[in-house]
Every structure is written in structure tokens, then in C-alpha cells.
> 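Would you mind keeping the following structure in view while I ask a few things?
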Amino acid sequence: MRIKFWGVRGSIPTPGPDTVEFGGNTSCVEIRAGNALLIFDGGTGLRLLGKELAAKMPFEAHIFFSHVHWDHIQGFPFFDPAFVPGNTIHLYGGNNVSRTLEETLAGQMDHPSFPVHLSDMAAKMIFNDLYEGQVLELDAGGGTKVKITTGRGNHPNGVWAYRVEHDGHSVVYATDTEHYAVTDPKLAKLAKGTDVLIYDAQYTPEEYAGTAGRGGSKVGWGHSTFEAAALLAKVAGAKQLVLFHHDPMQNDAAVREKEKRAKASFPGSVAAFEGLTIEL
Ligand SMILES: [Zn+2]
Ligand SMILES: [Zn+2]
């Protein structure tokens with residue numbers, strides 16, 4: 001498998017001179033498993049992935065949405081290959097609150113917020129609503145399958161986490177989830193023995209508690225800390241931890257410091273940056 005990060009920021013894009021090292025685009029991760037193309041979330045990083053994929057059309061892709069908060073869907077209307085007939089895009093997500101994934105993606109492109117409607121996108125789109133614990137097996141070429149298991153995190157309006165397995169390797173994508181006083185047993189199970197755990201490490205413990213940074217306590221906002229990330233990685237027996245969904249308030253130096261502190265408790269930690277590629 002090959003994992004590539006196209007957007008690693010949480011909440012809102014943060015371009016500018018203070019974020020060039022880690023990048024300012026919101027959540028989007030590409031996973032290649034055999035010849036299967038999987039994409040996790042459609043934040044603004046998806047636009048850049050779309051530019052690369054435009055040279056490889058027609059293609060079939062599977063986009064898994066963790067949930068439909070803005071920072072996970074805003075790149076979708078700018079995903080160029082979705083406008084090109086011949087491409088096939090399977091979209092997976094939860095039926096959040098009162099709308100399906102399709103209704104939500106169409107809603108963000110409705111007049112007067114956006115000039116082009118979802119129905120103007122000419123690629124073939126197939127929508128799939130997921131349920132907790134669902135296991136999908138997709139063709140990955142060469143007689144192999146890639147297996148995707150759906151789990152649930154702890155986030156306002158709900159969030160899906162995913163475990164991807166292919167050819168003896170595994171990756172877990174668990175963003176936008178708040179830790180509990182004890183390690184989340186569902187995520188520890190989902191991430192058991194995984195090669196790579198990509199996890200919400202939006203805050204430092206001090207930012208989370210409200211003793212540092214702006215805005216007071218972040219308890220109940222649905223995000224985690226690098227400290228809880230390191231603990232989950234240890235409990236699950238993950239080999240590598242990728243700190244993901246950096247807070248928009250964190251500049252490059254702050255993310256670097258966060259990475260350094262995470263490494264002290266879990267040496268296999270790395271802070272996600274745009275372009276980071278992991279081969280398994
Ligand atoms: Zn988010
Ligand atoms: Zn969210």
C-alpha cells in the first residue's frame with residue numbers, strides 16, 4: 001500500500017508563510033492498495049489530488065468521508081475529475097442527522113452558495129451509506145481484495161473511522177474524534193496491531209484544557225490531543241502514528257513542537273504534512 005497526504009489541517013484552510021512546512025489544506029488522504037484508489041475525505045487537499053489524477057483519466061476511485069463538516073467536503077466541488085465523463089467515483093459516508101451523503105454534497109453546491117450543481121458533474125457517481133462495523137471488500141487487482149472496516153469515533157454529529165487492509169498490511173484513518181478519560185475501546189480495537197494509525201491530534205493537552213492558546217477549554221469539541229494519540233497508538237500496538245488534523249492556530253513551529261512531544265511518549269510518531277508518503 002502507499003499512503004499520501006494531500007491535506008492535513010483541521011477546521012479551515014490555513015495558507016500563509018507560517019504554515020508552508022506542514023501545509024494549510026484540509027483533510028484528504030490517498031491510499032493505493034494494489035490497483036485500487038481509495039481517498040479519505042474531500043477537504044481542500046482533494047483539489048490538488050484531482051489535478052494529479054486528471055493526467056490519469058479515466059479512472060475509478062472510492063471516496064470515503066469520515067463525516068460532512070466543511071473541512072472534509074469543501075474540496076469536492078473543485079475535484080476536476082468529477083466533471084469528466086468516463087470517470088467512476090464511488091462515495092461512502094454516513095447518513096448524518098437528517099440528510100444522506102448525496103444530499104449533503106449537493107447542498108453545499110446549491111444556489112446561492114455555489115454556481116455549479118452536483119448534477120452538473122459528469123462523472124458516474126455511486127453513493128453508499130455506511131453502517132457501523134460494515135466491512136467492504138473491493139477488487140485491488142491481481143486477484144487481491146482490499147478490505148475496509150468501518151468504525152465509529154466521538155464527534156458532534158458523528159464520525160466514521162476506517163481500517164484498510166491489503167496484502168498483509170493495514171492503515172487506520174481516525175480523524176475528528178475526541179478521546180475519553182480512558183482510551184476509546186472501539187478505536188483501540190479497530191487499530192489493533194495496525195502498521196499506520198492516522199489520528200486526530202488537533203490540540204496539545206494545554207490547548208485542549210484551555211490553559212494555553214485561545215478560546216478556553218476544547219472539551220466536547222470532538223477533537224483529541226497528541227498525548228491521547230500516543231496513548232491510543234501504544235494501547236492498540238500500532239507501529240507508526242501519524243498526527244493529523246492540525247489546529248489552524250498552530251504554525252509550523254507549533255506542529256514541530258507537537259511532533260517532538262509525541263515522539264517522547266511514542267517514538268514512531270510523525271506529524272502529517274502535505275506530500276508525506278508512506279509505503280507499506
Ligand atoms: Zn475536521
Ligand atoms: Zn468535524
Side-chain angles (χ1 to χ4, degrees), residues 3 5-15 19 22-31 39-49 63-79 91-101 103-105 107-108 129-130 132 150-162 172-180 184 186-187 190 197-204 207-208 213-215 217-226 228-229 232 241-250 254-255 258 271-274 276:
I3 310 160
F5 292 80
W6 294 89
V8 302
R9 191 67 56 170
S11 309
I12 191 166
T14 53
T19 57
F22 290 92
N25 283 294
T26 61
S27 304
C28 182
V29 178
E30 172 191 8
I31 297 182
I39 300 166
F40 291 83
D41 279 329
T44 60
L46 181 65
R47 183 180 68 86
L48 305 172
L49 171 56
I63 308 184
F64 291 84
F65 290 86
S66 61
H67 63 317
V68 290
H69 285 163
W70 274 348
D71 52 324
H72 299 260
I73 61 171
Q74 271 188 323
F76 187 72
F78 298 89
F79 185 51
L91 304 104
Y92 307 82
N95 193 332
N96 277 53
V97 191
S98 58
R99 289 171 149 196
T100 63
L101 175 64
E103 287 163 345
T104 305
L105 291 182
Q108 79 161 342
D129 278 333
L130 298 172
E132 186 176 0
T150 308
R152 188 180 283 278
N154 175 30
H155 198 60
N157 310 130
V159 70
W160 295 124
Y162 299 101
V172 170
Y173 179 76
T175 190
D176 294 60
T177 187
E178 186 166 351
H179 57 293
Y180 299 103
D184 187 331
K186 286 184 179 178
L187 291 182
L190 190 72
L197 170 61
I198 302 164
Y199 183 77
D200 181 337
Q202 177 142 348
Y203 302 124
T204 65
E207 288 165 347
Y208 179 72
R214 284 217 315 244
S217 165
K218 312 292 191 297
V219 175
W221 289 22
H223 296 288
S224 195
T225 65
F226 72 79
L232 175 63
L241 168 66
V242 181
L243 309 172
F244 190 70
H245 205 269
H246 307 308
D247 191 78
M249 289 297 293
Q250 291 169 355
V255 177
K258 191 167 75 170
F273 58 88
E274 282 178 30
L276 169 63

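Any value given below was found using the heavy atoms of this structure, including those in side chains, with hydrogens, waters and symmetry copies removed. We count ligands from 1, going down the list as the structure has it; atoms in each ligand are counted the same way.
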> Examine H155 and say whether one of its N/O/S atoms is closer to the Zn ion (ligand 2) than 2.8 Å.
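True for H155.
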> Of all N, O or S atoms in D176, identify the one at the shortest distance from the Zn ion (ligand 1).
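Closest N, O or S atom of D176 to the Zn ion (ligand 1): OD2.
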> Of all heavy-atom pairs between W160 and E132, which one has the smallest distance, and what is that distance?
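Result for this residue pair: CH2-N, 3.2 Å.
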> Quick check on the Zn ion (ligand 2): does H72 put an N/O/S atom closer than 2.8 Å to it?
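Given the 2.8 Å cut-off, H72 does not count as a ligand of the Zn ion (ligand 2).
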> For the Zn ion (ligand 2), decide whether D71 has an N, O or S atom at a distance under 2.8 Å.
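False for D71.
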> Give me the one residue out of H223, Q250, Q202 that meets side-chain hydrogen bond (donor to acceptor under 3.5 Å, both in side chains) with E207.
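Considering H223, Q250, Q202, a side-chain hydrogen bond (donor to acceptor under 3.5 Å, both in side chains) with E207 is found only for Q250.
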> What class does the angle between the rings of Y203 and W221 fall in, given that below 30° is parallel, 30 to 60° is tilted and above 60° is perpendicular?
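The arrangement is perpendicular - the two ring planes meet at more than 60°.
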> With respect to the Zn ion (ligand 1), please indicate if D200 possesses an N, O or S atom at a distance under 2.8 Å.
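Of the N, O and S atoms in D200, none lies under 2.8 Å from the Zn ion (ligand 1), which means no.
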> Could you confirm whether H245 has any N/O/S atom lying under 2.8 Å from the Zn ion (ligand 1)?
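Given the 2.8 Å cut-off, H245 counts as a ligand of the Zn ion (ligand 1).
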> Would you call the rings of Y208 and H179 parallel, tilted or perpendicular, where under 30° means parallel and over 60° means perpendicular?
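It falls in the tilted class, 30° to 60°.
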> Between K258 and F226, is NZ or CZ placed under 6.0 angstrom from the six-membered ring centre and within 45° of the ring axis?
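No, cation not above the ring by the 6.0 Å, 45° rule.
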> Between the Zn ion (ligand 2) and H69, which N, O or S atom of the residue is the nearest one?
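The closest N, O or S atom of H69 to the Zn ion (ligand 2) is ND1.
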> Name the one of F244, F65, Y199, F64 that satisfies ring-ring contact (aromatic ring centres under 6.0 Å, His included) with Y173?
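Checked F244, F65, Y199, F64 against Y173; only one passes ring-ring contact (aromatic ring centres under 6.0 Å, His included): F244.
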